[in-house]
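Note that the structure is a prediction, hence the values are computed from the model and not measured.
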Amino acid sequence: MHAFVDENTVRGILVVAAVADPSAPHQARRTLTALRMKGQERIHFKSERDARRRTICSALETLDVQVHVYDATGLTPKVGRPRCLEALVDDLAELSVSRLVLEQDDSTVKSDRRTLFDATGKHGIRDRLTYHHLRAKQEPMLWIPDAVAWCLAKGGEWPARVRPLITKTVAVR
């Protein structure tokens with residue numbers, strides 16, 4: 001299994017992981033790339049119009065991915081992000097995930113690496129789980145957690161549009 005992670009920090013922090021069998025991302029990447037507008041390097045939900053968001057949400061439902069949400073909205077991102085990543089690694093250990101890709105935010109890379117090193121050691125999967133930080137334009141699978149995190153944080157009609165994708169929600173304190 002592979003996991004792709006992004007977050008939203010509008011109200012505290014939500015960390016979202018799209019988990020997929022290693023054979024699924026190929027088709028998902030093709031679907032996601034086809035959804036880009038001419039000239040777009042990536043899909044970034046905060047920059048899309050509502051009609052496009054609806055279209056993209058409908059397309060996400062066709063993908064073979066599970067979405068896990070780590071909700072630390074009551075915490076600051078500085079405190080909540082490491083706790084969410086620890087909870088994520090706990091779940092990834094159970095799912096035998098071998099590859100973790102996080103959207104690169106230069107301000108969190110060093111802290112993330114430290115947290116992930118400690119968490120993978122705690123769960124005895126340091127030699128089994130590789131983790132990488134990539135820019136969203138480098139990995140279309142990162143567009144899935146971006147969309148889900150945005151929808152959940154935005155409220156209104158948007159959480160209902162991504163709810164069918166979510167297989168697990170963890171309250172992180």
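Side chain to side chain, Asp91 and Tyr70 meet the donor-acceptor criterion of an N or O pair below 3.5 Å.
Of all non-hydrogen atoms in Ala136 and Leu142, the two that sit nearest each other are CA-CD1, 4.0 Å. Contact record, Asp21 with Pro25: O-CD, 2.8 Å, taken as the closest heavy-atom pair. Considering all non-hydrogen atoms of both residues, Pro140 and Thr33 come closest at CG-OG1, 3.9 Å. Shown here for Leu32 and Trp143, the closest heavy-atom pair between the two residues is O-CZ3, 3.5 Å. Of all heavy-atom pairs spanning Ala87 and Val172, the tightest one is CB-CG2, 4.3 Å. Of all heavy-atom pairs spanning Ala160 and Pro164, the tightest one is O-CD, 3.5 Å.
Judged by distance alone, the side chain of Arg52 and the main-chain N or O of Leu35 form a donor-acceptor pair under 3.5 Å. Remark: the backbone N or O of Arg54 is not paired with any side-chain donor or acceptor of Arg161 at under 3.5 angstrom. A donor-acceptor pair under 3.5 Å is formed between the side chain of Arg126 and the backbone N or O of Phe117. Within the 3.5 Å criterion, the main-chain N or O of His68 finds no donor-acceptor partner in the side chain of Thr167. At least one donor-acceptor pair closer than 3.5 Å links the side chain of Arg128 to the backbone N or O of Ala93. Remark: side-chain polar atoms of Ser47 are not paired, donor with acceptor, to backbone N or O of Ile43 under 3.5 angstrom. Within the 3.5 Å criterion, the main-chain N or O of Ala59 finds a donor-acceptor partner in the side chain of Thr62.
By the rule that hydrophobic residues join a cluster once side-chain heavy atoms approach within less than 4.5 Å of another member, Val109 and Tyr131 end up as members of separate clusters. Hydrophobic clustering keeps Ile13 apart from Ile166 (ILVMFWY residues linked when any side-chain heavy atoms are closer than 4.5 Å, directly or through intermediates). In the hydrophobic cluster analysis, where Ile, Leu, Val, Met, Phe, Trp and Tyr join through side-chain heavy atoms closer than 4.5 angstrom, Val15 is grouped apart from Phe45. Cluster membership check: Leu88 does not share its hydrophobic cluster with Val101, using side-chain heavy-atom separations under 4.5 Å among Ile, Leu, Val, Met, Phe, Trp and Tyr. Taking hydrophobic clusters as Ile, Leu, Val, Met, Phe, Trp and Tyr residues chained together by side-chain heavy-atom distances below 4.5 Å, Val79 does not share a cluster with Val69.
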Checklist entry - side-chain contact (heavy atoms from CB on, under 4.5 Å) between Leu63 and Leu60: does it pass, once the steps are laid out? => result CA-CA 5 Å; Leu63 304 179; Leu60 294 180; 3.8 Å; yes

Next on the checklist: If you apply the rule side-chain contact (heavy atoms from CB on, under 4.5 Å), what do you find for Val67 with Val162, and how did you get there?
Outcome noted: CA-CA 9 Å; Val67 174; Val162 294; over 6 Å; no

Next on the checklist: Assess the residue pair Ser98 and Met1 against the criterion (side-chain contact (heavy atoms from CB on, under 4.5 Å)); give the C-alpha distance rounded to whole Å, side-chain angles, the decisive distance to 0.1 Å, and a yes or no.
Outcome noted: CA-CA 6 Å; Ser98 60; Met1 300 290 278; over 6 Å; no

Next on the checklist: Working note: Asp90 + Glu86, criterion side-chain contact (heavy atoms from CB on, under 4.5 Å); need CA distance, chi angles, decisive distance, verdict.
Outcome noted: CA-CA 6 Å; Asp90 185 45; Glu86 289 166 5; over 6 Å; no

Checklist entry - Run the side-chain hydrogen bond (donor to acceptor under 3.5 Å, both in side chains) check on Gln40 and Glu48 step by step: do they pass? => result CA-CA 11 Å; Gln40 259 186 328; Glu48 300 291 345; 2.6 Å; yes

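To the nearest 0.5 Å, atom NZ of residue Lys154 and atom CZ of residue Arg11 are 8.0 Å apart. Distance check, rounded to the nearest 0.5 Å: CG of Leu129 to CG of Leu116 gives 7.5 Å. With values rounded to the nearest 0.5 angstrom, Arg99 atom CZ is found 5.5 Å from Phe4 atom CZ. Note that CZ of Arg29 and CD1 of Ile144 are 9.5 Å apart. Values are rounded to the nearest 0.5 Å. With rounding to the nearest 0.5 angstrom, the NZ atom of Lys137 is 13.5 Å from the NE2 atom of His44. For the atom pair CG (Leu92) and NE2 (His2), the distance works out to 11.5 Å, reported to the nearest 0.5 Å.
Around CZ of Arg49, the count of heavy atoms belonging to other residues, nucleotides or ligands within 6.0 Å does not exceed 12.
A salt bridge links Arg42 to Glu103: at least one charged side-chain nitrogen sits closer than 4.0 Å to a carboxylate oxygen. With respect to the salt-bridge test (charged N to carboxylate O, under 4.0 angstrom), the residues Glu41 and Arg36 do not qualify.
The side chain to side chain contact (heavy atoms under 4.5 Å, CB included) test with Val19 is passed by exactly one of Val65, Leu100, Val5, Val97: Val97. In summary, of the residues considered (Asp106, Asp146, Asp6, Asp105), a salt bridge (Lys or Arg N to Asp or Glu O under 4.0 Å) with Arg135 occurs for Asp106 alone.
Two residues are said to be in side-chain contact when any heavy atoms from C-beta on lie closer than 4.5 Å; Asp112 and His133 meet this criterion. You'll find the side chain of Leu102 stays beyond 4.5 Å of the side chain of Thr108, heavy atoms only.
For the pair Arg53 and Trp150, the cation-pi test (distance below 6.0 Å, angle within 45°) is passed.
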